[in-house]
J.: 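Sending over a structure as structure tokens; questions will come in a sec.
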Protein chains: 2
Amino acid sequence: MVENRLDVTFRALADPTRRGMLASLALGEKSIGALAEPFAMSFAGASKHVKVLEDAGLIARRKKGRTHLIKIEAKPLEEAERWLRQWEKFWTRRLDRLEALIEQDKERKNG
Amino acid sequence: MVENRLDVTFRALADPTRRGMLASLALGEKSIGALAEPFAMSFAGASKHVKVLEDAGLIARRKKGRTHLIKIEAKPLEEAERWLRQWEKFWTRRLDRLEALIEQDKERKNG
DNA sequence: GTAATTGTCAACCGATTAGTTGAATGATGT
DNA sequence: ACATCATTCAACTAATCGGTTGACAATTAC
């Protein structure tokens, strides 16, 4: 499977733990441990979720001594939101941009 | 895992074949076979994807004789779009509604 | 009635997911 | 130097995913 940007973004968002982490990060920079804590999850488990978010470009990591500080990097969500916005247009009966949408998605398959 | 609405919606959208099917359906009602065709995929395979979209509430099915006609039912995307829209506020430096967002997501975990 | 078409279901396969544990790495504190 | 803290890595597990094939049910065409 070729894994385009929307795949990775939507999949990252499909997990409630990861959405929770994003929500937590919205309130400020956090360490992996601090991110793990509200989910009663091992460090290693949290570390994996953070890696998924990182690979999706949704967070940025900054090492400060032995702790990794994670901050949110929400801009990539823009593409996902733009995609959904086309559908909003659709279900509100405005079909104008849909062919462009289909083409965009097709082209991004290998991007 | 408790599977709330956002989980199911984002997961359904995370697959390019399913997004392709939605795009195809945007152009009109289609049978399972017609949906399968551009992906060179078996009926059974397409049938599974359609079921995922159906379970997410993104499409509706109408049986006409031996064929199942699928039409798009995009309204459930509204919730996903609303969720993303909160983040748009974030990445444009407006943090006002984010606490509400966190609470909403928390409450929907069992909804 | 028989054959072809449309689709589902069940069983299976290989890959991935979300989680764990335990060992290893690296920075800090004493 | 040594213990501790924060994190990753490797190996493992159970569940799920995306896909296939083959059997079946229902509808349509001849």
Side-chain angles (χ1 to χ4, degrees), chain A residues 1-25 28-56 58-71 105 109, chain B residues 1-25 28-56 58-71 105 109:
Chain A
M1 187 58 55
V2 196
E3 290 288 306
N4 73 35
R5 183 56 157 282
L6 284 172
D7 293 5
V8 169
T9 305
F10 281 134
R11 187 156 51 244
L13 297 180
D15 185 284
T17 301
R18 286 191 291 264
R19 289 199 307 279
M21 285 179 169
L22 286 179
S24 167
L25 288 169
E29 224 177 13
K30 295 235 168 48
S31 70
I32 306 276
L35 283 172
E37 191 256 3
F39 301 101
M41 170 179 289
S42 66
F43 274 58
S47 178
K48 280 190 182 181
H49 279 302
V50 168
K51 186 163 190 319
V52 171
L53 292 168
E54 192 175 22
D55 290 348
L58 297 177
I59 59 144
R61 186 190 301 252
R62 167 172 76 95
K63 291 181 193 170
K64 171 129 192 175
R66 62 186 163 188
T67 90
H68 295 201
L69 290 177
I70 311 300
K71 83 162 191 280
D105 199 18
K109 263 185 188 144
Chain B
M1 187 57 55
V2 196
E3 287 291 304
N4 74 35
R5 182 58 153 283
L6 285 173
D7 293 6
V8 169
T9 305
F10 282 134
R11 170 147 295 280
L13 297 179
D15 185 282
T17 301
R18 287 191 292 265
R19 288 198 309 278
M21 286 180 169
L22 287 179
S24 166
L25 289 168
E29 223 176 13
K30 294 235 168 49
S31 69
I32 305 279
L35 283 172
E37 192 257 3
F39 300 101
M41 170 179 291
S42 67
F43 274 58
S47 179
K48 279 190 183 181
H49 279 303
V50 168
K51 188 164 189 318
V52 170
L53 291 168
E54 192 176 22
D55 291 347
L58 297 178
I59 58 142
R61 185 190 303 253
R62 167 173 77 94
K63 289 181 195 171
K64 173 132 192 173
R66 64 185 162 187
T67 89
H68 295 204
L69 289 177
I70 311 301
K71 82 162 193 282
D105 199 18
K109 264 190 186 137

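Residue numbers begin at 1 in each chain, while the letters A, B, ... track the order of the sequences.
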J.: 5'-most contact on DNA chain C: A:Ala40 or A:Gly65, nearest heavy atom basis?
T.: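 Mapping each residue to its closest nucleotide by heavy atoms, the 5'-most match is A:Ala40.
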
J.: Using a cut-off of 4.0 Å on non-hydrogen atoms, how would the nucleic acid contact of A:Gly45 be classed: base, sugar-phosphate, or nothing?
T.: base

J.: Under 3.5 Å, side chain of A:Arg18 to main-chain N/O of A:Ala12, donor-acceptor pair present?
T.: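 Yes.
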
J.: From the list C:dG7, D:dT7, C:dT8, which nucleotide is the closest neighbour of the side chain of B:Ser47?
T.: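 Out of C:dG7, D:dT7, C:dT8, the nucleotide with an atom closest to B:Ser47's side chain is C:dT8.
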
J.: For a quick check of understanding: with a heavy-atom distance under 4.0 Å over all strands, which category does B:Ala44 fall into, base, sugar-phosphate or nothing?
T.: base

J.: B:Phe10 has an atom CZ; how far is it from atom P of D:dT16, in whole Å?
T.: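 Roughly 21 Å, once rounded to whole Å.
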
J.: Using a cut-off of strictly less than 4.0 Å, decide whether A:Ser42 has a side-chain nitrogen or oxygen near OP1 or OP2 of C:dT20.
T.: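 Yes, within the criterion.
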
J.: Using modelled atom types and a 3.5 Å cut-off, is there a donor and acceptor pairing between side-chain atoms of B:Ser47 and backbone atoms of B:Phe43?
T.: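 No, B:Ser47 side chain to B:Phe43 backbone: no donor-acceptor pair under 3.5 Å.
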
J.: Are any of the side-chain nitrogens in A:Asp15 or A:Arg19 under 4.0 Å away from the carboxylate oxygens of its partner?
T.: no

J.: Using only heavy-atom distances, decide whether a donor-acceptor pair under 3.5 angstrom links the side-chain of B:Arg66 to the base of C:dT6.
T.: no

J.: Figure out the CG/C1' separation between A:Asp15 and D:dT16, and round it to whole Å.
T.: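 So the CG-C1' distance, A:Asp15 to D:dT16, works out to 13 Å.
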
J.: Can you find a side chain N or O atom of B:His68 that sits less than 4.0 Å from OP1 or OP2 on C:dT8?
T.: yes

J.: What is the distance from CZ of A:Arg62 to C1' of D:dA6, rounded to the nearest Å?
T.: 15 Å

J.: Any side-chain to backbone donor/acceptor pair from B:Lys30 onto B:Ser24? Under 3.5 Å, distance only.
T.: yes

J.: Side chain of B:Phe43: nearest nucleotide among C:dT6, C:dG19, D:dT20?
T.: C:dT6

J.: If you assign each of A:Arg61 and B:Arg11 to its closest nucleotide in DNA chain D, which residue comes earlier from the 5' end?
T.: A:Arg61

